[in-house]
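Structure first, commentary second.
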Amino acid sequence: MARIVMKFGGTSVGDLDRIHNVAQRVKREVEAGNQVAVVVSAMSGVTNQLVKYCTELSPLHDAREYDAVVATGEQVTSGLLAICLQENGIDARSWQGWQIPIRTDTAHGKARIQEIDGSELIRRMTEQNQVAVVAGFQGLAPDNRITTLGRGGSDTSAVALAAALKADRCDIYTDVDGVYTTDPRIVPRARKLDKISYEEMLELASVGAKVLQTRSVELAMNEHVRVRVLSSFKDGLANDTEGTLVVDEDEIVEKQNVSGIAYSRDEAKITVRRVPDRPGIAASIFGALAEQNANVDMIVQNISADGTTDMTFTVGKADLPRARTALAGVKEQIGYAELLEDPDVAKVSVVGVGMRSHAGVANTMFRALADKAINIQVISTSEIKVSVLIAAEYTELAVRALHTAYGLDG
Ligand code: ASP
Ligand code: MG
């Protein structure tokens, strides 16, 4: 017997037929003798629609009311799945975030989970074999208002619940059958990984592989929750080799230099030309950006001879207007020459824990890109990641070349 949290994303509960399939899947786990709690997303497209309603009524709407609106998608699917399970002879009960409760901070629209009291759910699952169907994405602020956890937040709900229930595993059912070495739509020979470490998954999630919400991976790593990503569109009881397990690095025997390649076209490049090269300038530029909540990622500064320098960095594309305003606001004070913007860029990243102990990983990347005559505009690295910024039109070419260069083609 195992205790499992099963999470189903928007496409997996996208219509009544699919909800029916999900119920069958849950039923099989229960009949196999497992204790099960389920976390559901809203039906696919629903959250987008709800967000749109809010912004259409008021672009600067009250974040508390936004949460009251967007949390409803998950309320619907949790109730529907509970009905469907009951219909199939399984004792099931829906739970909203506030009913458990899943306590969060007050950061409406991107709240963080602080505490989950799992005792009642544990009692029901052990004494009655009852299945809890929990609405993902939502929680309760200290002032008793509904909060939501940020887009994709149901993953985080599931991992947090798994930790609170001391579950043996958290199975995340989605529309792909696992984590791949890269996006199979770009590289058909991409391979599914059987296992990946939390750290690699964290880096991949944060650089654009949209399988799991970044925060859920962080939480899984801190709480040692074994996460498995697998497809809800396959029939039969999932066996142990299905999907991708996200686990501690120690559990991975063959450490690859590069396990995965991710890309993102969500960033834009900004260059501030000819800023005075003296202490405090970077603080002024990035201070102004932070004040406007513009998220900065890659940064390079060039040295030049005449006492000025160029500062290049990337911000999220959605943050570009705010970054522009922020920099215009400090132009007088800093005294730079001009501002250049380029939204047509892509960030391509290679990730692997083996990088820690192997030299030459970055060089393989630069060589492969050079061979395809792809110009690198900005480079950034972490202990287990190398990212480059290139022209967006070369994204596919770069990803394919790198996939081959690191021997990942299946
Ligand atoms: N329904 C929410 C969203 O679309 C949360 C989730 O699906 O994880 O972002
Ligand atoms: Mg998702």
Side-chain angles (χ1 to χ4, degrees), residues 5-15 18-19 22 37-55 61 63 65-81 94-98 100 102 104 107-113 116 133-140 146-162 170-180 183 201-202 204-220 225 227-233 243-244 246 262 264 266 316 318:
V5 170
M6 304 170 80
K7 182 260 170 178
F8 295 92
T11 47
S12 311
V13 293
D15 57 34
R18 293 199 172 158
I19 290 180
V22 165
V38 183
V39 173
V40 285
S41 288
M43 289 174 162
S44 58
V46 167
T47 310
N48 286 345
Q49 181 61 57
L50 294 169
V51 171
K52 204 157 154 249
Y53 285 150
C54 296
T55 19
H61 46 261
E65 301 312 337
Y66 165 93
D67 278 349
V69 174
V70 300
T72 58
E74 276 72 11
Q75 173 154 349
V76 172
T77 43
S78 60
L80 289 176
L81 181 57
S94 72
W95 295 83
Q96 307 311 301
W98 61 269
I100 294 177
I102 295 177
T104 72
H108 285 277
K110 49 175 189 306
R112 277 184 179 270
I113 296 177
I116 299 180
V133 186
V134 177
F137 186 47
Q138 47 168 274
L140 185 68
I146 292 172
T147 50
T148 62
L149 311 179
R151 298 308 305 271
S154 297
D155 294 337
T156 303
S157 308
V159 171
L161 190 67
C170 180
D171 284 349
I172 309 261
Y173 285 89
T174 177
D175 47 7
V176 293
D177 61 353
V179 179
Y180 277 72
D183 185 344
M201 193 63 233
L202 197 55
L204 285 174
S206 68
V207 293
K210 296 189 172 74
V211 195
L212 292 173
Q213 196 198 32
T214 311
R215 223 181 245 185
S216 71
V217 186
E218 231 166 54
L219 191 63
V225 175
V227 172
R228 187 163 62 143
V229 178
L230 67 177
S231 166
S232 64
F233 298 111
T244 300
V246 191
S264 151
D266 298 338

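Counting convention: from 1, in listed order, for ligands and their atoms alike. Since we're looking at a predicted model, the values are computed, not measured.
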Report yes or no: does G73 have a heavy atom closer than 4.0 Å to ligand 1? no
Close approach of G153 to ligand 1, heavy atoms, under 4.0 angstrom: yes
Can you see whether D67 engages T147 through a side-chain donor-acceptor pair at a distance of less than 3.5 angstrom? no
Which atom pair, heavy atoms only, marks the closest approach of [X] to [Y]?
X: S157; Y: V39; result: CB-CG1, 4.0 Å
X: V46; Y: G73; result: CG1-CA, 4.0 Å
X: Q213; Y: G153; result: OE1-CA, 3.5 Å

side-chain hydrogen bond (donor to acceptor under 3.5 Å, both in side chains) partner of S12, chosen from S231, S44, S41, S232: S232
How far is atom 9 (O) of ligand 1 from the closest protein heavy atom, and which atom is that? R151 NE, 2.7 Å
Looking at atom 6 (C) of ligand 1, what's its closest protein heavy atom, distance included? S154 OG, 3.3 Å
Hey, is the main chain of G316 close enough, under 3.5 Å, to the side chain of D266 for a donor-acceptor pair? no
Any N or O of E74 that comes nearer than 3.5 Å to an N or O of ligand 1? yes
Ligand 1 N/O within reach of G150 N/O, cut-off under 3.5 Å: no
Which atoms of ligand 1 have any heavy atom of S41 under 4.0 Å away? 6 (C), 7 (O), 8 (O)
